[in-house]
Amino acid sequence: AVVIDNSTVVSGSSDRTVRIWDRNSGACVKVLEGHTNCVMGVAMGGSTVVSGSLDKTVRIWDLTTGAEICRFTNDSGIYAVAKLKDIVVGGDTTGRVHMFELKNY
């Protein structure tokens, strides 16, 4: 999984990490750890990164510090994530879509 903006690339991997890359230098600047299975989806918006994993969680991370801000747990693995303002959407392995409002957390 990968997403890009003007200065940053975010990737999710089968090694269960989310990595933040400097787009210009190509250097990995942060490794976000916490998922216990493959990271299948990543998204960025504002100062946050969203990741979805087969470990059945959607996690919200602070892009600057790398700290986990909050976590949503599902009953099946997450294949894809998207973020628009304070709304996070995750698609799971059963075909369902889940929406979370970050302002509630």
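Predicted model, so just to flag it, every value in this text is computed and none were measured.
- Cluster annotation: Phe72 is connected to Ile69 through the hydrophobic network of ILVMFWY side chains, with a link wherever side-chain heavy atoms come within less than 4.5 Å.
- If you chain together hydrophobic residues whose side chains sit under 4.5 Å apart, Phe100 and Val81 fall into the same group.
- A side chain to side chain donor-acceptor pair (under 3.5 Å) with Thr57 is found for exactly one of Arg71, His35, Glu68, namely His35.
- Cluster partners of Met40, using a side-chain heavy-atom cutoff of under 4.5 Å among ILVMFWY residues and allowing indirect links, are Leu54, Tyr79.
- Scanning all heavy atoms of the two residues, the minimum distance from Thr48 to Lys83 falls at OG1-CE, 2.9 Å.
- Note that CG of Asp75 is 6.5 Å distant from NE2 of His98, once rounded to the nearest 0.5 Å.
- Between Val89 and Met99, the closest side-chain pair of non-hydrogen atoms falls below 4.5 Å.
- Residue Val50 is not grouped with residue Val3 when hydrophobic side chains (ILVMFWY) are merged at heavy-atom distances under 4.5 angstrom, including chains of intermediate members.
- Between Ala82 and Ala43 the shortest heavy-atom distance is CA-CB, 4.0 Å.
- Listed by chain and residue number, Ile20, Leu32 satisfy the side chain to side chain contact (heavy atoms under 4.5 Å, CB included) test with Lys30 (two or more places apart in sequence, or in another chain).
- In the hydrophobic clustering of ILVMFWY residues, with side-chain heavy atoms under 4.5 Å counting as a link, Val29 and Leu63 come out together.
- At distances below 3.5 Å, at least one donor-acceptor pair connects side-chain atoms of Ser53 with backbone N or O atoms of Cys38.
- A single hydrophobic cluster is not seen to contain both Val42 and Ile60; linkage of ILVMFWY side chains at heavy-atom distances under 4.5 Å, directly or through other members, places them apart.
- Of all the heavy atoms in Cys70 and Leu102, the pair that sits closest is SG-CD2, 4.3 Å.
- Taking every heavy atom of both residues into account, Lys56 and Gly77 meet most closely at CG-N, 3.7 Å.
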Would you please test Glu101 and Asp86 for side-chain contact (heavy atoms from CB on, under 4.5 Å) and show each step? CA-CA 6 Å; Glu101 289 191 63; Asp86 283 342; 5.8 Å; no
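- Ser51 pairs in a side chain to side chain contact (heavy atoms under 4.5 Å, CB included) with only one of the listed residues (Val58, Val18, Ile78), which is Val18.
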Before giving the answer on side-chain contact (heavy atoms from CB on, under 4.5 Å), spell out for Met44 and Val49 the whole-Å C-alpha distance, their side-chain angles and the decisive distance to 0.1 Å. CA-CA 5 Å; Met44 273 191 293; Val49 171; 4.1 Å; yes
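- Between Arg19 and Val31, the closest heavy-atom pair is NH1-CG2, 3.3 Å.
- Nearest heavy atoms, Ser11 versus Trp21: OG-NE1, 2.9 Å.
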